[in-house]
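Read the structure below first, then the notes.
Not measured: the values here are computed from a predicted model.
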Amino acid sequence: MNKIFQIIGSLFNSENYTLKNLAFFLMVIMCIQYIPLESRAGVSPIKVATMAIMPLVFITHFKASRAVGIAFMYITYIMYTAYFLHGNSFRASTVIYTFMFFITYATFYNLIWVEQVFDMDEFIVFLRRFIFVLVGVLVAQQAFHLIGIRQFALLNMTQVLRRSVMAGNSLSYEPSSLARTLGVLYYAYLKCCEYKQGRPVNIQQIFNNEHRWVTIAFGWSMLTMGSGTAFICLGVLSLYFMKGAYFVLSIPIFIGVYFALSYFEVKQFERATIVAEATMTGDVDEVKEADGSAATRITPVLNTIHGLDFNDESTWFGHGVDYNRWVAYKKGINKVGEIDDYGLIAYILSLTLVFSCAINFFSIAAIMYFLGIGGGTYNIAYLWGILMILTCVKYFHSLNKRNEDGEEEEIEESE
């Protein structure tokens, strides 16, 4: 009880309102979805209130940076296309909501790259605790399921998940969004531990005293949460360990895991396998037939590959606000990112932001970005939360690279 009072009391302690804590808070609030307070609707009042404050932080701590410049160009461009080129469909609320995400991200970027509010050890501790909290809530949900309680709002159990008795969404919107978030958190943990020790983390190390419980917690959640997306994330993350001698060692291990999961007929694994096979065909209809949920993120990529017409003006300048949501999506012709709404130029600007500020192009994070997030900057909070986490990874990668080269620890935006 005293601990609870200490937490409540800390909310009224002005010393806790620091830029460092703001950065940690932004990553948490953007990644989670506590449905009893935020609802299952598309817009969370808590996140809106948080993002509404960010312009004040942005102005009071303003410094020019790469993210600020690209965000400004993006906001200016979509305002031009949405209002001047497609004024009939212009909706201020949607455009302002998009502005809020970009300004919030630019503010966060400056906290990490310019203000340098925390070091790598603090970030690793944050990642460990965040993983443990998400997995802890998931385990609590699973315990409630086992005793027959399927809905309990206090534990974020507001929907009945019929996939399996162990399925759960933890502090996320649904199991698939939990899988993506945990996958990125564990990837960030591996990369930062790699930078700290000066060499990649190997398979033996993830089960040693330092990393054992993080790995067990992560593995348990991904295998039991009831999401096919979790198995896809595990497959992508396995690429991290496929280096040198471990590549040869990993082949029989993954073959064994594949046949074991197939033998025991794990439904989520079967779903992931079917989706992967359908995706390899490049046929949108086959992907939809295989898994409607997965198709919402895979079909836009396929539609973009097969359906872009560079001679069509709408390809470059879009069709206007919410065309993707109300027209393209219903027809099954929606493309990645904001191409349908604001055009290919806007999408190129958003990719410029992502790959210059958050992700190195030739990396596992890039695969996660296209396969898991869908390769766009949507008005979806947890996707921006994931980009914030990857922004920290990119920052510490740059810092580590400079230290290896024997340069000063003071870092500029050189990558």
Residues in side chain to side chain contact (heavy atoms under 4.5 Å, CB included) with [X], at least two apart?
| X | answer |
| --- | --- |
| S172 | S177, L178 |
| I35 | Q33, R40, N156, T158, N169 |
| A23 | F108, L111, I112, V117, F118 |

Which atom pair, heavy atoms only, marks the closest approach of [X] to [Y]?
| X | Y | value |
| --- | --- | --- |
| G226 | P175 | O-CB, 4.3 Å |
| L182 | S221 | CD1-OG, 3.4 Å |
| A328 | D340 | CB-OD2, 3.6 Å |
| F58 | A106 | CE1-CB, 4.4 Å |
| S65 | V114 | CB-CG2, 4.1 Å |
| I124 | C192 | CG1-CB, 3.7 Å |

> Can you tell me if CZ on R129 sees more than 12 non-hydrogen neighbours from other groups inside 6.0 Å?
Replying inline: no

> Would one find more than 12 heavy atoms of other residues, nucleotides or ligands at under 6.0 Å from atom CZ of F72?
Replying inline: no

Just verifying a value: how many Å separate [X] [atom1] and [Y] [atom2], rounded to the nearest 0.5 Å?
| X | Y | atom1 | atom2 | result |
| --- | --- | --- | --- | --- |
| C31 | F130 | SG | CZ | 4.5 Å |
| I364 | S238 | CD1 | OG | 8.0 Å |
| T107 | M54 | OG1 | CE | 6.5 Å |
| M27 | C392 | CE | SG | 4.5 Å |
| T299 | K335 | OG1 | NZ | 11.0 Å |
| M225 | F231 | CE | CZ | 9.5 Å |

Find out whether [X] and [Y] are in side-chain contact, i.e. whether some heavy atom of one side chain is under 4.5 Å from a heavy atom of the other.
| X | Y | result |
| --- | --- | --- |
| S176 | R180 | yes |
| S314 | Y323 | no |
| H145 | M157 | yes |
| T224 | Q142 | yes |
| L344 | F317 | no |
| R91 | D322 | yes |
| Y74 | T352 | no |
| L237 | M368 | yes |

Under 3.5 Å donor-acceptor, [X] side chain and [Y] backbone:
| X | Y | result |
| --- | --- | --- |
| T81 | I78 | yes |
| N110 | K63 | yes |
| Y34 | L154 | yes |
| Q204 | F207 | no |
| D341 | V321 | no |
| N334 | N324 | no |
| N208 | Q205 | yes |
| T377 | S350 | no |

Enumerate, atom names and distances included, each donor-acceptor pair closer than 3.5 Å involving a side-chain atom of residues 384-391, sequence neighbours excluded.
residue : atom : partner : partner atom : Å
W384    : NE1  : Y378    : O            : 2.7
T391    : OG1  : Y105    : OH           : 2.7
T391    : OG1  : L387    : O            : 2.7

>> One pair to check against side chain to side chain contact (heavy atoms under 4.5 Å, CB included): K191 and H397. What are the steps and the verdict?
In response: CA-CA 8 Å; K191 294 300 292 184; H397 171 266; 5.8 Å; no

> Without hydrogens or angle criteria, can the side chains of D309 and T315 be said to hold a donor-acceptor pair below 3.5 Å?
Replying inline: no

>> Assess, by modelled atom type and distance only, whether the side chains of Q141 and S170 contain a donor and an acceptor separated by less than 3.5 Å.
In response: no

> Salt-bridged, K196 to D121, with N to O below 4.0 Å?
Replying inline: yes

> Going through the distances and angles, do W220 and M166 end up as a side chain to side chain contact (heavy atoms under 4.5 Å, CB included)?
Replying inline: CA-CA 11 Å; W220 170 266; M166 301 297 283; 3.6 Å; yes

>> Quick check: F396 with Y195 (ring centres under 6.0 Å apart)?
In response: no

> Does the gap between the ring centers of Y369 and F355 come in under 6.0 Å?
Replying inline: yes

> Passes side chain to side chain contact (heavy atoms under 4.5 Å, CB included), I206 versus F241? Steps please.
Replying inline: CA-CA 11 Å; I206 64 175; F241 301 101; 3.9 Å; yes

>> Go through it in stages, so that I can follow the logic: the residues are V214 and L127, the test is side chain to side chain contact (heavy atoms under 4.5 Å, CB included), and I'd like the CA-CA distance, side-chain angles, deciding distance and then a yes or no.
In response: CA-CA 10 Å; V214 178; L127 292 171; over 6 Å; no

Donor-acceptor pairs under 3.5 Å, side chain of residues 183-190 to any protein atom, not counting sequence neighbours: which ones?
residue : atom : partner : partner atom : Å
Y186    : OH   : T215    : OG1          : 2.8
Y189    : OH   : R128    : NH1          : 3.0
Y189    : OH   : H211    : ND1          : 2.7

> Pairs in or reaching into residues 146-181: which pass ring pair (Phe, Tyr, Trp, His ring centres under 6.0 Å), with residues at least two apart or in two chains?
Replying inline: F144-F152

